[in-house]
Each structure stands twice: as C-alpha cells, then as structure tokens.
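Shown next, in structure tokens, is the structure this report addresses.
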Amino acid sequence: MARPPAPVPVYPLLAWTWCRAVAQYPLSLAFLALAQAFAALAELTAIVVVFGHAGVLAGFTVHEALLVYALATAAFSTADLLMGSVERLGEHIRTGSLDTMLVRPVPPLVQIAADRFSPQRLGRILPAAAVLVHALAGLDAPWTAGRALFLPVLLASAVAVCCAVWVIGACLQFFATDAREAANSITYGGQALTEYPLAVYGRGVVRAATFAVPLAFVSWQPALFLLDRPDPTGLPDWLRFTPPAVAAGMCALAALVWRTGLRHYRSTGS
C-alpha cells in the first residue's frame with residue numbers, strides 16, 4: 001500500500017500550482033499586488049502623521065512606532081499569505097468541498113491553507129520588510145550577538161502566533177458557518193491593534209492582548225526587546241523572551257482546536 005505524501009512538501013506544490021494559475025493573468029496580478037502595497041502604505045502614512053504630529057506618543061517616537069508597525073504588518077501579512085485561506089472554511093463546509101478534501105491523502109488543513117494561494121499578498125509583505133530594515137538600522141540600542149541571533153526567532157515566533165490565531169478563528173466556522181466575520185475581527189482587527197505601541201491603549205487592552213489573545217508577542221514584546229527598554233505598561237520584562245514558548249503553545253492549541261472541529265464536523269451529504 002502506498003504511503004500518503006508528507007504534508008510539508010505538498011503545501012509548496014499546491015501553492016506553486018495556484019501561483020502558476022494566477023500568473024496567466026500577469027497584469028491583474030500586478031494591479032492586485034499594487035493595491036495591497038498601497039493599502040500598507042496608507043496604514044504607514046497614518047502612523048507617520050499621528051506620531052509625527054505628536055512628536056512622542058505614550059513614550060514612543062515615530063521611528064520606534066515604525067518598528068512596531070513593521071513587526072506587526074510583516075508577521076500578519078506573512079501569516080495571511082501562508083494560512084489566510086483557512087478563513088474560507090465555512091465556504092468549503094457549505095459547498096461540500098471539505099468532504100472531498102477529507103478523502104484525499106493530504107491533510108485537509110494543508111489543502112485549505114494552500115487553496116487559492118495568492119502571491120499578490122507579497123504586496124503587503126515587501127513594504128513592511130523595507131520599513132522593518134529601516135527601523136532596525138536606526139535603533140539606538142547597541143546590536144549584540146544575542147540580539148542579532150534572537151531577531152529571526154522573534155520574527156518566526158510572531159508569524160507562528162498569527163498563523164495559529166488564523167486557524168483558531170477559522171475553526172469557529174465548524175460550529176457556526178457564518179462566523180467568518182467574527183474570526184476576521186480577531187485576525188485583521190488584531191493586526192490593526194498591534195500596528196501601534198500597546199502603551200497607547202488602556203491597561204485592560206494590554207493585558208487582554210498579552211494573556212487572553214497573545215497578540216502582544218507579535219510586535220509589542222519583540223519591539224521592547226529590540227529597543228532595550230522597560231515595559232511602560234508595568235508588565236514584567238521577562239515576557240519579551242517568551243515569544244517562542246507562546247508560539248509553541250498557540251500552535252499546539254490551534255492543532256487541538258482544529259482536531260476538535262473536525263470531530264464535530266458532519267458531512268453535508270452532497
């Protein structure tokens with residue numbers, strides 16, 4: 001009996017198939033990518049205007065705010081590229097296409113995540129990456145070997161947290177197929193929240209974003225680590241070293257919620 005293909009190599013293959021399909025319309029792809037880039041630049045402009053006008057807001061300068069923005073946008077946009085398609089889970093349930101995915105020798109989560117893979121989302125990632133490089137180059141804190149080595153770990157952890165949030169939010173549609181908007185309030189709403197230093201919000205929001213839905217570990221805690229400054233909200237400084245553990249816990253929780261949703265799922269019969 002032939003062994004089913006491993007899920008890791010299958011995802012790039014499925015994503016590449018969608019990229020080839022989208023590339024058949026290069027002009028459309030270019031315009032969609034530009035639209036994504038302009039949306040990111042509009043958000044960037046808003047931050048520059050707000051912090052540039054205020055000078056210093058909640059103890060953060062415009063340059064430091066750009067670091068927070070770049071970390072949040074890069075992480076959420078990468079997660080959207082990799083896992084954003086899971087938000088269409090309710091559509092697969094309603095149309096019965098999830099039943100087809102369940103009988104294929106590829107994990108259904110991999111199939112859903114790679115479905116309609118959209119390279120135009122790079123239009124948001126590239127500007128965020130450029131702003132991140134600019135912000136990192138202008139840091140006042142000295143670069144040490146430990147800080148340089150921990151930076152890619154922080155970035156990977158942030159992406160993993162965002163991917164886990166996307167999966168957990170999508171799983172709401174196992175129980176209510178019209179829950180996509182509620183999930184979007186966490187994913188896209190979470191991105192809007194984390195693009196600004198959390199110190200500008202109330203302490204209740206900061207603690208909810210730290211201990212309830214841990215979005216603080218996407219941009220806020222990594223920014224505090226890179227800036228080498230104490231947390232102005234009063235939370236302990238050791239939290240900035242925990243994004244890898246938080247990411248591992250969130251991924252484990254996402255896997256558990258996904259399996260629970262699959263067990264709850266009943267075929268459409270179509």
Side-chain angles (χ1 to χ4, degrees), residues 43 46-47 50-51 54 56-80 83 87 128 132 135 139 141 147 150-151 153-172 179 181-257 260:
E43 296 168 354
I47 291 176
V50 170
F51 280 84
V56 177
L57 185 60
F60 281 75
T61 65
V62 62
H63 188 84
E64 293 168 337
L66 287 178
L67 175 64
V68 177
Y69 162 81
L71 288 169
T73 303
F76 271 98
S77 299
T78 303
D80 190 15
M83 299 295 294
E87 69 182 8
L132 180 59
L139 286 181
R147 181 171 280 106
F150 200 46
L151 175 59
V153 177
L154 290 174
L155 295 175
S157 300
V159 173
V161 169
C162 295
C163 288
V165 169
W166 234 287
V167 173
I168 293 171
C171 287
L172 294 175
E181 295 303 323
N184 287 348
S185 67
I186 300 175
T187 52
Y188 298 108
Q191 177 178 345
L193 174 75
T194 55
E195 286 177 349
Y196 289 81
L198 290 186
V200 304
Y201 306 107
R203 290 196 174 186
V205 174
V206 175
R207 278 154 178 74
T210 302
F211 302 111
V213 182
L215 298 175
F217 300 93
V218 173
S219 60
W220 175 242
Q221 292 297 340
L224 292 177
F225 171 81
L226 294 171
L227 294 170
D228 194 22
R229 58 185 296 177
D231 192 332
T233 66
L235 293 177
D237 291 344
W238 55 262
L239 285 174
R240 66 192 62 186
F241 300 102
T242 60
V246 173
M250 286 296 292
C251 288
L253 177 61
L256 176 62
V257 173
T260 302

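Since we're looking at a predicted model, the values are computed, not measured. Reckoned from all heavy atoms, side chains included, excluding hydrogens, waters and symmetry mates.
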- Query: Looking at residues at least two apart in the chain, or sitting in another chain, which of them share a ring pair (Phe, Tyr, Trp, His ring centres under 6.0 Å) with Y188?
  - Reply: W166
- For F225, the ring pair (Phe, Tyr, Trp, His ring centres under 6.0 Å) test, sequence neighbours excluded, returns F150, F241
Please give me the minimum heavy-atom distance between [X] and [Y], naming the atom from each residue.
X    : Y    : value
L198 : A209 : CD1-CB, 4.2 Å
A183 : A170 : CB-N, 4.3 Å
C171 : V257 : CB-CG1, 3.5 Å
V167 : M83  : CG2-CE, 3.4 Å
A79  : C162 : CB-CB, 3.4 Å
A158 : A75  : CB-CB, 3.7 Å

Check whether any side-chain heavy atom of [X] sits under 4.5 Å from a side-chain heavy atom of [Y], and report yes or no.
X    : Y    : value
L139 : L67  : yes
V62  : V56  : no
V218 : L71  : no
V205 : L193 : yes
P232 : L224 : yes
T194 : V68  : no

Rounded to the nearest 0.5 Å, what separates atom [atom1] in [X] from atom [atom2] in [Y]?
X    : Y    : atom1 : atom2 : value
H63  : F51  : NE2   : CZ    : 13.0 Å
D231 : Q221 : CG    : CD    : 5.5 Å
Q191 : S77  : CD    : OG    : 5.0 Å
R203 : T210 : CZ    : OG1   : 12.0 Å
C163 : I168 : SG    : CD1   : 11.5 Å
T61  : L227 : OG1   : CG    : 8.0 Å

- Kindly indicate, with the supporting measurements, whether the criterion side chain to side chain contact (heavy atoms under 4.5 Å, CB included) is fulfilled by L235 and F211. CA-CA 11 Å; L235 293 177; F211 302 111; 4.1 Å; yes
- Query: Are F60 and W220 near enough that their ring centres are under 6.0 Å apart?
  - Reply: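 Ring centres of W220 and F60 closer than 6.0 Å.
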- Would you please name every residue forming a side chain to side chain contact (heavy atoms under 4.5 Å, CB included) with T242, sequence neighbours left out?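 Partners of T242 under the side chain to side chain contact (heavy atoms under 4.5 Å, CB included) test: F217, W238, L239, V246.
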- Message: With a 3.5 Å distance limit and no angle check, can you tell me whether R240 reaches the backbone of D237 through a side-chain donor-acceptor pair?
- Response: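 Yes, because the side chain of R240 sits within donor-acceptor range (under 3.5 Å) of the backbone of D237.
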- Query: Backbone N or O of A70 within a donor-acceptor pair of the T73 side chain at under 3.5 Å?
  - Reply: no
